[in-house]
Asker: 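I am attaching a structure below and will ask some questions about it afterwards.
These numbers come from the heavy atoms of this one structure, side chains and all, not from hydrogens, waters or symmetry mates. Worth saying up front: this structure is predicted, and the values here are computed from it rather than measured.
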Amino acid sequence: MSHTVEADVVVIGGGIAGLWLFRTLNTLGYRALLLEQNALGGGQTIKSQGIVHGGTKYTLTGQLTNASQAIAGMPERWRNALAGKGGEADPDLRSARILSEYHYLWSPGDIGSRMTSFFASKALRGRVDALTREQFPAIFKHDGFRGKVYQLNEIVLDIATVTEALVNGLEDKTIKVDWSEQGNARLLTDAQGEIDAVELVDTSLNTSPNNNGHKTLLKAKRFVLAAGEGTEALLNTWGIIDPKMQVRPLQMVMVRHEHPEPIFAHCLGTTPLPRITITSHPDKDGKWVWYLGGGIAEDGVKQSAEVLIATAKKELKALLPWVDLSRAQWDTLRVNRAEPKQSRLLRPDAAFCQPVANAIVTWPTKLALAPNLSDEVIRLLQEDDIRPADEGSFSVPEGFSRPEICPNFWQGHFEQRKTS
């Protein structure tokens with residue numbers, strides 16, 4: 001027993017990019033469904049630092065790069081959505097939590113002197129502001145700090161609340177799927193190499209050994225693959241060899257402590273990559289969890305957790321000696337950044353969208369570029385004259401579980417690891 005659901009677009013993957021696109025499609029009147037294997041906003045999304053980059057960290061060579069220019073307009077786009085003043089189809093994110101209105105860049109000692117004139121240049125006007133000591137965030141207003149601080153036009157968000165805002169009111173159009181061999185979802189393809197449908201099996205109706213459950217075929221004018229690292233397996237199932245995916249791994253450090261002042265900043269080092277990038281996230285007990293990325297996370301990939309934590313302790317003691325972390329709890333978190341394959345594993349400059357038969361394969365490459373990815377997918381749909389259809393013939397599949405929102409990344413990470 002089976003029935004068919006005809007959609008305009010099926011989005012596969014409920015990370016920040018898939019969700020932003022899903023919300024936009026529904027706002028524009030498209031009959032859109034979203035399929036997610038695990039939790040909404042999970043994977044790379046929840047493990048991100050929540051920074052809506054404006055590309056400033058890509059200018060640390062002292063010049064504007066393609067990456068910095070491609071992403072420059074994103075903070076303003078996000079700020080408008082967070083204020084409920086976005087474009088006609090942009091999501092209303094007023095219910096999302098802003099952790100910091102600005103991200104910062106600091107230089108310990110004299111390291112940043114060569115950058116001062118560049119950050120003051122016309123090219124970066126409106127994106128970087130040098131601060132006086134009175135304007136410093138509280139974390140840097142200590143006698144032990146002797147460096148410079150710059151304010152960046154980059155906001156820091158609580159990602160779980162962004163996920164909640166993006167899916168709010170559309171929960172019944174999301175479906176939890178399992179692509180594994182014994183799971184409830186299969187990608188069906190036809191002789192022309194197109195995706196014929198996604199077959200879903202409702203095993204809750206299975207009443208006998210010979211009954212495979214009620215089957216629903218999800219058909220669509222376009223299938224959008226936005227599953228991050230999971231996109232590779234879907235492409236393999238489909239038999240598609242281009243585009244290819246690359247993975248750039250990180251090992252982040254988490255520090256849970258009682259210091260009252262949060263920090264949201266890149267530390268300028270001697271290379272184009274920030275020496276360390278720190279964001280602060282409140283836990284349920286009101287303590288801050290500092291999340292450490294940047295150069296330390298890149299270099300930490302090949303280290304054991306113990307070695308990386310020892311390195312992080314040394315770095316924070318050198319950079320922020322007035323912060324007492326003697327009673328802090330430490331742990332690490334591995335993150336795979338899934339992207340379209342580049343030569344020499346370079347970072348892509350912008351969101352990636354490539355039409356393949358009746359699908360669009362996407363990777364956002366950065367959290368901040370979710371709106372950019374959505375714009376590009378909508379453009380491709382309109383170029384192929386795929387417009388919102390009459391809602392009357394669209395019925396949302398019933399009998400399937402809805403994916404939940406992923407909890408914040410640090411939950412459950414400190415129970416096992418106790419350290420002085």
Side-chain angles (χ1 to χ4, degrees), residues 1-37 40-41 81 86-92 163-177 179 184-190 192 194-202 214-227 231 234 238 353 355-362 364 370-371 373-403:
M1 180 173 151
S2 66
H3 80 283
T4 300
V5 173
E6 298 279 355
D8 294 322
V9 182
V10 169
V11 179
I12 302 176
I16 207 76
L19 285 167
W20 188 294
L21 172 62
F22 174 59
R23 167 64 67 176
T24 301
L25 289 167
N26 277 280
T27 301
L28 291 172
Y30 284 91
R31 303 174 304 177
L33 296 171
L34 183 138
L35 312 182
E36 170 56 45
Q37 174 151 310
L40 298 173
E88 180 182 352
D90 277 351
D92 184 340
T163 299
E164 188 174 1
L166 286 170
V167 77
N168 184 40
L170 298 176
E171 292 88 350
D172 66 338
K173 296 182 180 180
T174 67
I175 302 173
K176 186 173 177 61
V177 296
W179 298 104
N184 71 337
R186 284 200 307 147
L187 206 62
L188 305 181
T189 58
D190 61 23
Q192 287 72 46
E194 294 198 336
I195 298 175
D196 181 55
V198 173
E199 181 187 73
L200 299 178
V201 179
D202 180 5
H214 182 87
K215 293 182 179 179
T216 299
L217 295 179
L218 302 184
K219 291 182 175 284
K221 297 172 183 176
R222 284 294 179 273
F223 295 85
V224 179
L225 276 59
T231 293
L234 291 169
W238 186 9
C353 300
V356 179
N358 63 335
I360 302 173
V361 180
T362 73
L373 183 145
S374 181
D375 292 347
E376 188 65 13
V377 170
I378 300 298
R379 182 186 68 79
L380 290 169
L381 292 175
Q382 293 176 346
E383 279 186 358
D384 288 340
D385 202 29
I386 297 174
R387 311 283 174 175
D390 179 16
E391 187 74 32
S393 61
F394 183 56
S395 62
V396 178
E398 297 180 356
F400 298 98
S401 299
R402 309 299 179 200

Asker: Which distance, rounded to the nearest 0.5 Å, do you find between the CD1 of I386 and the CG of L381?
Answerer: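 Answer for the CD1-CG pair, I386 versus L381, is 5.5 Å.
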Asker: Rounded at 0.5 Å granularity, tell me how far CG in L225 sits from CD1 in I360.
Answerer: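 The CG atom of L225 sits 10.0 Å away from the CD1 atom of I360.
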Asker: What's the separation between atom CD1 in I12 and atom CH2 in W179, rounded to the nearest 0.5 Å?
Answerer: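 Rounded to the nearest 0.5 Å, the CD1-CH2 separation comes out at 4.5 Å.
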Asker: Are D202 and T216 side-chain neighbours, meaning at least one heavy-atom pair lies under 4.5 Å?
Answerer: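 Side chain of D202 against side chain of T216, heavy atoms only: no contact under 4.5 Å found.
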Asker: Heavy-atom distance under 4.5 Å between the side chains of Q382 and R379, does that happen here?
Answerer: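 Contact flag for Q382/R379 side chains = no.
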Asker: Can you find a heavy atom in the side chain of K173 that is under 4.5 Å from one in the side chain of L34?
Answerer: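 Of all side-chain heavy-atom pairs linking L34 with K173, none is under 4.5 Å.
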Asker: Could you measure the distance from the CD atom of E194 to the CZ atom of F223? Nearest 0.5 Å is fine.
Answerer: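 If I round to the nearest 0.5 Å, the distance is 9.5 Å.
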Asker: Does CD belonging to E398 count more than 12 external heavy atoms closer than 6.0 Å?
Answerer: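 At most 12 heavy atoms, drawn from other residues, nucleotides or ligands, come within 6.0 Å of this atom.
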Asker: Check K176 against P403 and note the closest heavy-atom contact, atom names and distance.
Answerer: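 Reported closest heavy-atom pair: N-CD, 3.5 Å.
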Asker: What is the minimum heavy-atom distance between V177 and A185, and which atoms define it?
Answerer: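 Answer, listing the atom of V177 first, then A185: CB-CB, 3.8 Å.
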Asker: Below 4.5 Å, heavy atoms only, C-beta onward: do I175 and R402 meet side chain to side chain?
Answerer: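 They are in side-chain contact.
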Asker: Should we say atom CD of E199 is surrounded by more than 12 heavy atoms from elsewhere, each under 6.0 Å from it?
Answerer: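 Yes - once you tally the heavy atoms of other residues, nucleotides and ligands closer than 6.0 Å, there are more than 12.
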Asker: By side chain to side chain donor-acceptor pair (under 3.5 Å), which residues pair with R222, not counting sequence neighbours?
Answerer: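 R222 satisfies side chain to side chain donor-acceptor pair (under 3.5 Å) with D384 only.
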Asker: Do you know the tightest heavy-atom contact between L234 and L187?
Answerer: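 Taking L234 first and L187 second, the nearest heavy atoms are O-CD2, 3.9 Å.
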Asker: What's the shortest heavy-atom distance between W238 and V356, and which atoms?
Answerer: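 Closest approach of W238 to V356: CH2-O, 3.3 Å.
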Asker: So do T27 and P91 actually touch side chain to side chain, heavy atoms under 4.5 Å?
Answerer: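 The answer is no; the side chains never approach within 4.5 Å.
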Asker: What closest approach, in Å, do A17 and L373 show between heavy atoms, and which atom pair accounts for it?
Answerer: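 Shortest heavy-atom separation between A17 and L373 comes out as CB-CD1, 4.2 Å.
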Asker: Measure the CG-CG distance between D375 and L21 for me, rounded to the nearest 0.5 Å.
Answerer: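 So the CG of D375 and the CG of L21 are separated by 10.0 Å.
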Asker: On a heavy-atom basis, which atom in L19 and which in G41 lie closest, and how many Å separate them?
Answerer: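 Looking at all heavy atoms of both residues, the closest pair is CD1-N, 4.2 Å.
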Asker: Is the shortest heavy-atom distance from the side chain of L25 to the side chain of D8 under 4.5 Å?
Answerer: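 Not in contact.
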Asker: What's the separation between atom CZ in F22 and atom OG1 in T174, rounded to the nearest 0.5 Å?
Answerer: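 It is 6.5 Å, given to the nearest 0.5 Å.
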Asker: Are any non-hydrogen side-chain atoms of L218 and L35 less than 4.5 angstrom apart?
Answerer: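 Contact flag for L218/L35 side chains = yes.
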Asker: Side-chain contact, heavy-atom cut-off 4.5 Å: L170 with R23?
Answerer: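 In short, these two side chains touch, coming nearer than 4.5 Å.
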